[in-house]
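Heads up: the structure comes next, in structure tokens.
Every number for a ligand or one of its atoms is a count from 1 in the order of the listing. Positions are given from 1, in the same order as the sequence printed here.
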Amino acid sequence: MQVKAIKTAPFKDQKPGTSGLRKKTSVFKTPGYLENFIQSIFDCMKEKRAIVLGGDGRYYNNEAIQTILKMAAANGIGKVLVGKGGILSTPAASCVIRKYGLSGGIILSASHNPGGPEGDFGVKFNIQNGGPAPEAVTEAIFRRSLEITEYKIIEGCGEIDIGKVGKSRLHQTEIEIFDPVSDYAALMEGLFDFERINGLLRSGFSMRFDAMNAVTGPYAEEIFERRLGAPSGTVINGTPLPDFGGRHPDPNLTYAKGLVDLMFSPGAPDLGAASDGDGDRNMILGKGIFVTPSDSLAVLAANADTVPGYKDGLKGVARSMPTSAAVDRVAETLHIPCYETPTGWKYFGNLLDADLVTLCGEESFGTGSIHIREKDGLWAVLFWLNILATRNKGVAEVVQGHWRRFGRNFYQRHDYEDLDQDTARLLIERLRNALPGLKNKVFNGYEIEAADEFSYEDPVEGGLITGQGIRIMLKGGARIVFRLSGTGTSGATLRIYLERYEKVPDLHIQEPKDALRGLVSAADGIARIKETLKRDEPTVIT
Ligand code: G1P
Ligand code: ZN
């Protein structure tokens, strides 16, 4: 067994996006590609005491883990904790980094993107606070990747067994294979009233959790079925599969259609929920009702006092810019600050570290809190269960009561996927150029009150982050946002976020598509979407 320095040449495209480096699996399998990026990470790590390593179980997970372990040992990392079988959800990784005071973590996942040889693979690097590496770190890693000439790896050591809990040594590095579920489950037990939820689940309340053949299966089975006493079968698609059973592991109205259909059928359970590839997203449904992630965040904030972990109140809340303003109204009532950040979880880290906010969330099915530094799918489901158990109400009752109190923010996101990159960029560019002249213009009856391109000054670190989406604010409180996705691996994706506030309770029961129809036409008028993209409909509406 010996440390080898292997000559390599830079790849030009290792710039991390909204959440880590995501590429087609075939790209990651190019000789040297994974190695270069991992070496760049190690080169940028100031402290190399101990890291956690694992992934969502997608195709190439285990091969990548073998390579990374051999590189970690060659790079003098003191200790590597590996989730048994290579499994580790993103929130569990964050939990473990914080609990054991690690130097960071490497999570292998392309989140909700499909897996398999034809699908996507990804590498995320988290820092000491348990959260995604901030911009300054990802930039440094990218710069390093552009000048790399060699990577270090142990050769001649054979396969490392990651299938059994236990400790071993590789060169001078300690390798510890640990149960990926127990630390996370213990953290959840400390935050929520498990006794009460147990009572609810034994009282005839029924739930269905769709793990979408991805990483949350083992976590959900342990927490819901074993610790909380839900009947077996509550968790469906609970075995992580390398190709997620051929599905997009993305919990939304399109990709979790089976669950959605069940929740809108006569025999629907009381709660339906799902999580994504790496376990950080969540979708919440009640009998005949889908709770938008923006509403979900607002409901959690308004009911946080019912949950033991948050009973002392919230310091503040934060949402990404395109997320609806539903939580802003709750913050106003609670007299706490509400921060608006660019898209991507990394921007919440500083606010949480500085104790400025307790809860945060994004419209893209991500909700989380100060308990870790990632969004957390199962945590959100447990939060809902805790609210339902203490309020003794159903999901629809809670949500409708919330609208009566705060008003309803009708909300939809329209995604146009797999677009020609130049066309998509041109559409945004044209909007940007049009911004100065948009004020007071009227589109389909909506008058523009203000329009800008969102930029953000981090209140903790300072520093301006620009170019974060085109915002069109309309009279009466409606809003349209246009931005390009930063997580895709082929072509471009245009996201259009539509929102309209409705105070009048009698009008809350409309379908979002009806309530937002006029706004959709206004958006088309403003950006000439159909004409420019030559598409009649979005690919996905959530
Ligand atoms: C998307 C979501 C964003 C989320 C990210 C990672 O990024 O919109 O909210 O943080 O995935 O899960 P986007 O593709 O829009 O850049
Ligand atoms: Zn994810």
Side-chain angles (χ1 to χ4, degrees), residues 15-22 55-58 88-94 107-115 120-124 126 131-135 138 211-212 214-216 219 240 244 248-252 255-256 274-283 292-294 297 318-324 340-349 360-368 372-380 411 413-419 424 428 454 465 467-470 481-497 539-540 542:
K15 189 177 172 66
T18 315
S19 176
L21 182 69
R22 268 183 221 183
D56 62 13
R58 69 179 60 219
L88 191 63
S89 78
T90 290
S94 187
I107 307 166
L108 305 175
S109 172
S111 189
H112 50 287
N113 294 15
D120 293 346
F121 192 76
V123 176
K124 300 194 285 183
N126 282 27
E135 200 85 359
T138 53
M212 304 193 83
V215 80
T216 45
Y219 296 84
F244 307 118
H248 275 252
D250 197 359
N252 62 34
Y255 297 124
S275 191
D276 72 328
D278 61 331
D280 56 0
R281 293 187 173 203
N282 75 90
M283 176 166 69
T292 70
S294 299
L297 174 64
R319 63 164 172 86
S320 66
M321 182 275 284
T323 303
S324 99
E340 189 178 31
T341 59
T343 297
W345 206 260
K346 57 189 169 197
Y347 298 105
F348 294 134
C360 45
E362 295 192 277
E363 52 64 42
S364 54
F365 298 80
T367 334
I372 52 170
R373 293 296 180 273
E374 288 278 4
K375 55 194 177 224
D376 191 344
L378 287 170
W379 167 90
Y411 188 84
R413 185 176 99 183
H414 291 199
D415 292 337
Y416 291 84
E417 295 178 351
D418 226 347
L419 300 172
I428 292 288
F454 182 60
I465 294 143
Q468 296 298 314
I470 307 283
V481 173
F482 300 89
R483 69 175 274 283
L484 295 180
S485 156
T487 55
T489 54
S490 67
T493 295
L494 173 70
R495 306 203 193 285
I496 303 169
Y497 309 81
T539 325
V540 178
T542 46

Check your understanding: At under 4.0 Å between heavy atoms, which part of K375 makes contact with ligand 1: side chain, backbone, both or neither?
Key -> side chain

Study note, to complete from the structure: With heavy atoms and a 4.0 Å threshold, my read on which part of R413 contacts ligand 1 is side chain

May I ask you to list the atoms of ligand 1 that are less than 4.0 angstrom from any heavy atom of [X]?
| X | answer |
| --- | --- |
| E362 | 3 (C), 4 (C), 9 (O), 10 (O) |
| T343 | 3 (C), 8 (O), 9 (O) |
| G344 | 10 (O) |
| S364 | 2 (C), 3 (C), 4 (C), 8 (O), 9 (O) |
| G486 | 13 (P), 14 (O), 16 (O) |

Review point. Taking the side chain from S275 and the backbone from N282, do they hold a donor-acceptor pair closer than 3.5 Å?
Key: no

Check your understanding: Does S89 offer a backbone N or O that forms a donor-acceptor pair with the side chain of Y219 under 3.5 Å?
Key -> yes

Tell me, do [X] and [Y] make a side-chain contact under 4.5 Å, heavy atoms counted?
| X | Y | answer |
| --- | --- | --- |
| I428 | L484 | yes |
| R483 | P322 | yes |
| D250 | R281 | yes |
| F244 | R58 | yes |
| Y255 | H112 | no |
| Y416 | I496 | yes |

Point to revise | Salt-bridge present (E362, R319; N to O < 4.0 Å) | key: no

Check your understanding: How close does the nearest protein non-hydrogen atom get to atom 7 (O) of ligand 1, and which residue and atom is it?
Key -> T487 CG2, 3.5 Å

Review point. N/O of R495 under 3.5 Å from N/O of ligand 1, yes or no?
Key: yes

Point to revise | Geometric N/O contact S19 with ligand 1, under 3.5 angstrom | key: no

Review point. Under 2.8 Å from the Zn ion (ligand 2), which protein N/O/S atoms are there?
Key: S111 OG, D276 OD2, D278 OD1, D280 OD1

Exercise for review: Would you tell me which option among R22, K124, R483, R281 has the nearest heavy-atom contact to atom 1 (C) of ligand 1?
Suggested key: R281

Quiz: residues 373-380 side-chain donor-acceptor pairs under 3.5 angstrom, not counting sequence neighbours:
| unit_1 | atom_1 | unit_2 | atom_2 | d |
| --- | --- | --- | --- | --- |
| R373 | NE | D353 | OD1 | 2.7 |
| R373 | NH1 | I370 | O | 2.8 |
| R373 | NH2 | D353 | OD1 | 3.2 |
| E374 | OE2 | N126 | ND2 | 2.7 |
| D376 | OD1 | Y184 | OH | 2.5 |
| D376 | OD1 | W379 | N | 3.4 |
| D376 | OD2 | Y184 | OH | 3.1 |
| D376 | OD2 | H371 | NE2 | 2.9 |
| W379 | NE1 | Y310 | OH | 3.0 |

Check your understanding: Does a donor on one side chain and an acceptor on the other come within less than 3.5 Å for T493 and D415?
Key -> no

